[in-house]
Amino acid sequence: MSTASSTARNTQKSVILIASVAALAGFLFGYDSAVINGATEAIRHQFDVDAGPLGFAVASALVGAAIGAFFGGSLADKIGRIPVMKIAALLFFISAVGSGLAPGIYSLIIFRIIGGVGMGVASVIAPAYIAEIAPANIRGRLGSLQQFAIVIGIFLSQLVNKILADIAGGSGEALWLGMGAWRWMLLVEAFPAAGYLIGAYLIPESPRYLVAEGKVDKAREVLARVLDQSKIEESLDRITDSLKRETKPSIRDIKGTAWGLKPIVWVGIALAVFQQFVGINVVFYYSNTLWQSVGFTESQSFIFSLISATINVTVTIVAILLVDKVGRRPLLLVGSGGMGLTLGTMAVVFATAPVGPEGPILTLGTGLVALICANLFVVFFGVSWGPVMWVMLGEMFPNKIRGAALAVAGFAQWFANFLVTQTFPPLAEFSLGLAYGLYAMFAFISLFFVMKFVSETRGIELEDMTE
C-alpha cells in the first residue's frame, strides 16, 4: 500500500468521524421531537387536557426550534460553530430533565420550548458545519448523516417508548420511583445530550469560520485533517477569496431584489417549508394517537410507529448511498411524486370511511391499505426530502451568506413544522381525509417547484455556489 493512498484513507476516516460527531445534533432533535409521540395519550390523561392544549404541548418544542434556528446561524457566525454546538447540547440536557419531572402542563411546555431552541440551533449548525468540513466528492453522503442521525433518534425514541410502556403496562402507568413511564421516556434523552456535549469538545472548528476570523494557520491545520496534502493550499486560497469582505457577516447579507431576499434564499426557504408541509411529522408525532383512533390498541400502535421508524432508517441509508451518485434533484423529484400518490390514497381511504364516535372506522382491508400507504410515504420521504433538504441547505448558499441564509431557512422549516403539528389535531377531528388531501397537494406542488427552481449541487465546491 502506498503512503499516498494510506494518507487518503486516514484523511477520509478522520472527516467521517468528525462529521458523525457533528451529526449527533440530528440524533438529539430526532429523539426530542418524536419521543412525545409515545407520551401524548398519557399526558392527555395526566393533565386532563383536550385536543387544542394537547396539540400545543406537542408543538411547543417547535416554537423554540423556530427561535433557535433563526438565531443559531447568526450566533455561529459570531462565536463559531463548536461553541454553538455546546450551547445546543446544554439546552437538550436541561429540557430532558425538566420535561421528565414537569409537575404540570405549563412547566412541561416551558421545558419543551427550551429543548426546542436546542433543536433549532442544532438543525442549522450541523448541516453548515458538515458541509464546511467535508470534501466535495463525499459532501452529500456526509451531509446525509444529519438526516440519518435524525431517523436513528426517531427510531430509538419509538423503541424506548415501547419498551418502557411494556414494562410499566402502559405509557401512563407508574414505572420507577413512582413516576409514569412517559416521564422516563423524556428523561432518557439526558444521556445522549451529555454525549453530544462531550463530543463537541473533541472536534475542530470549521476551517471556513477560522478563515473568516483571520485564523488562517488554524484553518490550515483543520484542512490537513480532512483533505489531501496537495489540495490544502488551493482550498485555503479559495476559501479566503470567497470570504473577502469589509463587514462582519449579518442577517442583512441575504437582502436582495426578489421580495426583499436573494433568489437562492427563497429557494432554500421553499425547500424547508415543503419538507414539512407534506405532513411527515404527523407520522412521527401523532401516529400512536392516529392508529388508536381508528381502532388499533395502544400496543399495536406502538408497533406500527416502530415499523415506520425502522423503514425510515433503512431508506435513509439508501439515500446516503445514492445522493452523491444520482444527485440531489432526481431524488427530490422521485420523492415528491411518490409522496403525492401515497398521501392521496390515504386521503381517499379516510375520506370514504364511515365515521363513528371516535373517528373513521376502517375495515381490515382499508386499514391495511392505510398502513401500507403510510409506510410507503415514509419510504419516499426518507429516500429524498428527508436527507436531501438538509444536504442542500448546508451546501447551496455561498460562503458569505451561509449562516444568515440557514438561519432564515431553518426558521421557516421549524415554523412550518409547528403549523402542521398544531393544526393536525383539529383537522383530524374535522376530517382525516381533508388533512391528508392537503399534504398530498403540497407534495405535488413541490414536484413542480423542484423542476422549475432547484439546481443540482452535486460535486460543486462550496466556493463555487452562486446567488
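Computed from a predicted model, the values in this text were never measured in an experiment.
- Here I82 contributes atom CD1 and I87 contributes atom CD1; the two are 12.0 Å apart, rounded to the nearest 0.5 Å.
- Rounding to the nearest 0.5 Å places CD of E456 at 8.0 Å from CZ of R329.
- Looking at R208, its side chain does come within 3.5 Å of a backbone N or O of E132 through a donor-acceptor pair.
- For the pair N417 (side chain) and Q413 (backbone), a donor-acceptor distance under 3.5 Å is absent.
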Give the intermediate values and the outcome of side chain to side chain contact (heavy atoms under 4.5 Å, CB included) for residues V334 and S384.
-> CA-CA 7 Å; V334 169; S384 60; 5.9 Å; no
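- T314 places a side-chain N or O within donor-acceptor distance of the main-chain N or O of T310, the cut-off being under 3.5 Å.
- Between K218 and E213 no salt bridge is recorded (no basic side-chain N to carboxylate O distance below 4.0 Å).
- Rounded to the nearest 0.5 angstrom, K262 NZ and F397 CZ are separated by 12.0 Å.
- Not a single donor-acceptor pair under 3.5 Å links the side chain of R141 to the backbone N or O of L321.
- Between F350 and Y436, the gap from one ring centroid to the other is short of 6.0 Å.
- Between the side chain of S235 and the backbone N or O of I232 there is no donor-acceptor pair closer than 3.5 Å.
- Side chain of D32 to main chain of G115: no donor-acceptor pair is present (N/O by atom type, distance under 3.5 Å, no hydrogens or angles).
- Distance alone, capped at 3.5 Å, places no donor-acceptor pair between the R81 side chain and the I125 backbone.
- Checked by atom type and distance alone, the side chain of S95 pairs as donor or acceptor with a backbone atom of F111 at under 3.5 Å.
- Electrostatic pairing of K215 and E205 does not count as a salt bridge here, judged by no charged N lying under 4.0 Å from a carboxylate O.
- S14 contributes a side-chain N or O that, together with a main-chain N or O of R225, makes up a donor-acceptor pair within less than 3.5 Å.
- By the 30° and 60° cut-offs, the orientation of the rings of F377 relative to F381 is tilted.
- Ionic pairing of R139 and D324 is not present here: no N-O contact between side-chain nitrogen and carboxylate oxygen is shorter than 4.0 angstrom.
- Between W385 and F274, the ring-plane angle classifies as perpendicular under the 30° and 60° cut-offs.
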